[in-house]
Amino acid sequence: MTFAKVLKLSPYLCDSMTSGKTLLQQLKQGDKKALARCISIVENELEGYEEILTSLKINQSIAVIGVTGPPGAGKSTLINAVIKKLTADNKSVGVIAIDPTSPFNYGSLLGDRLRMAEHFTNENVFIRSLATRSSLGGLSAKTIEIVDVMRSFPFDYIFVETVGVGQSEVEVVGLADTTVLVLVPESGDDVQAMKSGIMEIADVFVVNKADRDGANTFIKNIIQLVHSKSVSDWNTPVIKGIATKGEGVDELIEAINKHHKTGANKKRSYLMAEKAYRLIQNSRMKDISKQLLQQQIEKEMKKTDFNLYRFVKES
Ligand SMILES: Nc1nc2c(ncn2[C@@H]2O[C@H](COP(=O)(O)OP(=O)(O)OP(=O)(O)O)[C@@H](O)[C@H]2O)c(=O)[nH]1
Ligand SMILES: [Mg+2]
């Protein structure tokens, strides 16, 4: 389908589109309205969404930074402080805050909005919340697609905030070039429990809320763990932060830039494969529902020669 058709068919595209320019051209040129429309089309799988995805001119050189960590660790506050510095330096920043599906985190969306609100009017900042649809609670195919739409816009940096609970912080690795893990002094027990997964996923550690008791001891422990686990030639920084005061923000930006220049490129094909795997999984499983399987199985089980493996093979 051509974009002329997309423009005609999609209810999300309005008349204000200037003639001759396609939505994707506008996206590439940094039109925020076009970006918002493309995201809506992709998010809601409206007419023409596959055409948008297959025609994207994805800029692989944009730094995509995953920011993860336990609920309330200060991820949004930190991103907020980083945006402040980057935009003062005339950089453009996109943020996707992935809403946790758990109702316990429901309030955080509103919180994020308020905390980041001061940037909503800044033309170099684009913030979007996204509901994950992944039933596993991890990285959803939708998130991958929307980050790629964002990558087709001339951002300098894209931040993806996810709440790291169990598996999900491991899965964010497949999405981001650089993964920042935000911990707080109280995270001690969590780190012990999740040690193996956590150490491998993070490219940069931030121990936030360093104004609290136990921060220095916790930082020392993290540094020890990081060094004992280090497998690559990337020297994983452990940054002491007080996001509410903007402390540690310069160091974080420096670490992100450094990692983007050195470490990130090495992971590129690995990350692509991770994303391809998830997208293929998503598209192949699209028509498969457990409910339907149960209905079919109930019918098949009435036959005396029912065999699950034959059933699967024939499905
Ligand atoms: N004392 C102290 N409080 C902080 C610091 N950074 C953030 N906070 C506070 O911690 C609370 C949670 O901060 P958020 O930025 O919403 O944390 P988050 O990790 O984004 O939270 P979720 O998105 O809900 O997981 C807020 O009340 C912040 O003001 C810090 O460095 N020191
Ligand atoms: Mg948040």
Side-chain angles (χ1 to χ4, degrees), residues 64-86 93-120 125-132 134 137-140 143 146-147 157-172 175-176 178-191 193-194 198 201-202 204-219 222 237-253 255-256:
V64 177
I65 303 113
V67 179
T68 191
K75 301 177 292 294
S76 301
T77 314
L78 200 61
I79 293 171
N80 190 56
V82 167
I83 291 176
K84 213 175 221 172
K85 292 258 176 182
L86 290 175
V93 185
V95 180
I96 308 178
I98 299 178
D99 302 342
T101 42
S102 155
F104 294 112
N105 293 305
Y106 188 67
S108 71
L109 169 59
L110 191 66
D112 289 342
R113 284 251 159 94
L114 291 175
R115 260 184 287 292
M116 293 183 184
E118 62 181 289
H119 300 300
F120 269 98
V125 181
F126 179 92
I127 298 173
R128 178 80 178 225
S129 295
L130 180 69
T132 42
S134 166
L139 176 62
S140 72
T143 310
I146 288 173
V147 169
Y157 296 83
I158 297 170
F159 290 87
V160 184
E161 181 185 334
T162 56
V163 175
V165 187
Q167 195 56 25
S168 61
E169 78 265 275
V170 179
E171 301 213 6
V172 80
L175 187 82
T178 301
T179 300
V180 177
L181 180 64
V182 184
L183 297 169
V184 287
E186 297 82 9
S187 308
D189 292 343
D190 295 347
V191 174
M194 304 194 278
I198 269 183
I201 60 142
V204 180
F205 284 79
V206 176
V207 175
N208 192 38
K209 305 199 183 179
D211 50 330
R212 293 201 175 165
D213 288 346
N216 288 335
T217 315
F218 183 64
I219 291 169
I222 293 287
V238 179
I239 297 166
K240 182 175 174 176
I242 307 176
T244 37
K245 293 187 186 158
E247 283 181 29
V249 171
D250 287 339
E251 291 90 329
L252 176 57
I253 294 173
I256 288 168

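Atoms within a ligand are numbered from 1 in the order they appear, just like the ligands themselves. The basis for the numbers below is simple: all heavy atoms, side chains too, and nothing from hydrogens, waters or symmetry mates.
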In chain order, what residues pass the salt bridge (Lys or Arg N to Asp or Glu O under 4.0 Å) check against Asp250, with sequence neighbours excluded?
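Scan of Asp250 (salt bridge (Lys or Arg N to Asp or Glu O under 4.0 Å), adjacent residues dropped) gives Lys85.
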
Could you state the interatomic distance from CG (Leu78) to CZ (Phe159), rounded to the nearest 0.5 Å?
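Between Leu78 CG and Phe159 CZ, I get 8.5 Å after rounding to 0.5 Å.
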
Enter the distance from Ile96:CD1 to Thr162:OG1 here, rounded to the nearest 0.5 Å.
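Taking CD1 in Ile96 and OG1 in Thr162, the distance rounds to 11.0 Å.
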
Distance-only N or O hit between ligand 1 and [X], under 3.5 Å:
X      : result
Ala210 : no
Gly241 : no
Ala73  : yes

Please walk me through it: do Thr68 and Val182 pass side chain to side chain contact (heavy atoms under 4.5 Å, CB included)?
CA-CA 6 Å; Thr68 191; Val182 184; over 6 Å; no

Heavy-atom contacts with [X] under 4.0 Å: which atoms of ligand 1 show up? List them by number with element.
X      : answer
Asn208 : 5 (C), 6 (N), 7 (C), 31 (O)
Ile242 : 31 (O)
Ser76  : 15 (O), 18 (P), 20 (O)

With the Mg ion (ligand 2) as the point of reference, which N/O/S atom of Glu161 is the closest?
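This turns out to be OE2.
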
With a 3.5 Å distance limit and no angle check, can you tell me whether Asn208 reaches the backbone of Leu183 through a side-chain donor-acceptor pair?
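Here the side-chain-to-backbone pair does not exist.
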
Do Thr244 and Thr77 meet the criterion of a side-chain donor-acceptor pair at a distance under 3.5 Å?
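Short answer, no.
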
Whether Glu161 lies under 4.0 Å from ligand 1, heavy atom:
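Flag set, Glu161 near ligand 1.
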
Does the shortest distance from the Mg ion (ligand 2) to an N/O/S atom of Thr77 fall below 2.8 Å?
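Not a single backbone or side-chain N, O or S atom of Thr77 is under 2.8 Å from the Mg ion (ligand 2).
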
Residues in side chain to side chain donor-acceptor pair (under 3.5 Å) contact with Asp211, at least two apart in sequence or another chain:
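Expected list: none.
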
Show your reasoning for whether side chain to side chain contact (heavy atoms under 4.5 Å, CB included) applies to Lys75 and Val180.
CA-CA 9 Å; Lys75 301 177 292 294; Val180 177; over 6 Å; no

Heavy atom to atom 2 (C) of ligand 1, shortest distance: which of Asp211, Ile79, Thr162, Val207 holds it?
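Closest candidate by heavy-atom distance is Asp211.
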
Considering only heavy atoms, which of Glu247, Lys75, Lys209 lies nearest to atom 9 (C) of ligand 1?
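Going through Glu247, Lys75, Lys209 one by one, Lys209 has the nearest heavy atom to atom 9 (C) of ligand 1.
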
